[in-house]
Amino acid sequence: MCIRDRYREEDKLKGEMKLDDVNTIIPKTLADNEYNPLYLKPPKILMTTSRNPSSRLNQFLKELSVVFPNAIRINRGSYVSKDLVEMCQAKEFTDLIILHEHRGEPDGMIISHMPYGPTLFLGVFNTVLRHDLKDKPDPMSEALPHLIFNNFSTQLGSRVTEILKHLFPTPKIESKKVITFSNNADVISFRHHNYDKPDYKTVDLSEIGPRFELRPYQILLGTITMPEATKEWVLKPY
């Protein structure tokens, strides 16, 4: 076999093995694989709480189910984690969100991406529901929000951003709703506003709530029913 024939054979093998396409030439991260645009569907979120939720946790769930577009909330009842994940996979939900509480105060949120993860565990604190806001908020519209991620410049910040932003569809340009995730020392402040621009110099903000802080403490490379999955990141206080 001459050299020219060898090159032809090499090119043929590359084509068959797809070693020369864009997806394999450019190094990919975990987030690229899990949120590959070729396989992504519009967000469809199943939301629930821990068992026997307080009225305050139920209200928090109700408000968040409007914050996240295409979210459906259900009563936890006797469902175990395995039941919830199987329901998500059978009904083609893209994400599962579970809220937890301690003594009637929301204190935890789990976001599990379907069907294979990742799962982000967050502490929740300083929760202010809509009726607790000082000024009476405007009604919450169903318009899709614009997203602002402030100070997520580290590798962990990029990972958390990737998980959170895929909970929201792309909004229309004319949407007047904005959701802000602002990171300060690994504490994420969540704020939800309507905005208006009376003129090109001025932006008026009107908080519509709810308001709370989040602290990530673990990322699991799997769903909540995969305890054997690799822990990608765990918060180490010391």
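Only a predicted model underlies this, so the values are computations on that prediction, with no experimental measurement involved.
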Interatomic spacing from [atom1] in [X] to [atom2] in [Y] - rounded to 0.5 Å:
X	Y	atom1	atom2	value
I45	R73	CD1	CZ	14.0 Å
E162	E34	CD	CD	9.0 Å
D186	F152	CG	CZ	9.5 Å
L96	T223	CG	OG1	9.0 Å
I111	L214	CD1	CG	7.5 Å
E207	L133	CD	CG	5.0 Å

Applying the 4.5 Å side-chain criterion to the ILVMFWY set and letting contacts propagate, would [X] and [Y] be lumped into a single cluster?
X	Y	value
V67	I72	yes
L221	V234	no
F125	L122	no
F181	L205	no
F149	I163	yes

Below 4.5 Å, heavy atoms only, C-beta onward: do [X] and [Y] meet side chain to side chain?
X	Y	value
T94	N70	no
K197	V203	yes
M87	Y79	yes
H102	L57	no
M109	L64	yes
L46	K91	no

With side-chain contact (heavy atoms from CB on, under 4.5 Å) as the criterion, how do M140 and N194 come out once you've worked through the C-alpha distance, each side chain's angles and the decisive distance to 0.1 Å?
CA-CA 9 Å; M140 280 203 286; N194 284 333; over 6 Å; no
Sequence neighbours left out, what passes side-chain contact (heavy atoms from CB on, under 4.5 Å) with S81? Give chain and number order.
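Expected list: R76, I224, T225.
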Tell me, please, which residues at least two apart from H100 pass side-chain contact (heavy atoms from CB on, under 4.5 Å).
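Partners of H100 by the side-chain contact (heavy atoms from CB on, under 4.5 Å) criterion, ordered by chain and then number, come out as S50, I98, D107, I110.
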List the atom of [X], the atom of [Y], and the distance in Å for their closest heavy-atom pair.
X	Y	answer
Q89	P115	NE2-O, 3.3 Å
T49	L61	CG2-CD2, 3.6 Å
E63	P210	OE1-CB, 3.3 Å
P171	P145	CG-O, 3.4 Å
H166	P43	O-CG, 3.4 Å
P53	E101	CA-OE2, 3.3 Å

Can you list every side chain to side chain donor-acceptor pair (under 3.5 Å) pair that touches residues 172-185, not counting sequence neighbours?
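Every pair satisfying side chain to side chain donor-acceptor pair (under 3.5 Å) with a residue in residues 172-185: N150-S182.
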Sequence neighbours excluded, every pair satisfying side chain to side chain donor-acceptor pair (under 3.5 Å) that has a member inside residues 113-136
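Qualifying pairs, neighbours excluded: R56-D132, D95-H113, S112-T119.
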Give the ring-plane orientation class for F212 versus F190, where under 30° counts as parallel, over 60° as perpendicular and anything between as tilted.
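It falls in the parallel class, under 30°.
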I'd like to know whether E213 forms a salt bridge (charged side-chain N to carboxylate O under 4.0 Å, His left out) with R191, so could you lay out the CA-CA distance, the side-chain angles of the two residues, the decisive distance to 0.1 Å, and finally the verdict.
CA-CA 9 Å; E213 322 297 333; R191 299 294 184 269; 3.1 Å; yes
Partners of D199 by side chain to side chain donor-acceptor pair (under 3.5 Å), sequence neighbours excluded?
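In terms of side chain to side chain donor-acceptor pair (under 3.5 Å), with neighbours along the sequence ignored, D199 is linked to T202.
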E228: what forms a salt bridge (charged side-chain N to carboxylate O under 4.0 Å, His left out) with it, not counting sequence neighbours?
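Counting only residues at least two positions away or on another chain, E228 forms no salt bridge (charged side-chain N to carboxylate O under 4.0 Å, His left out).
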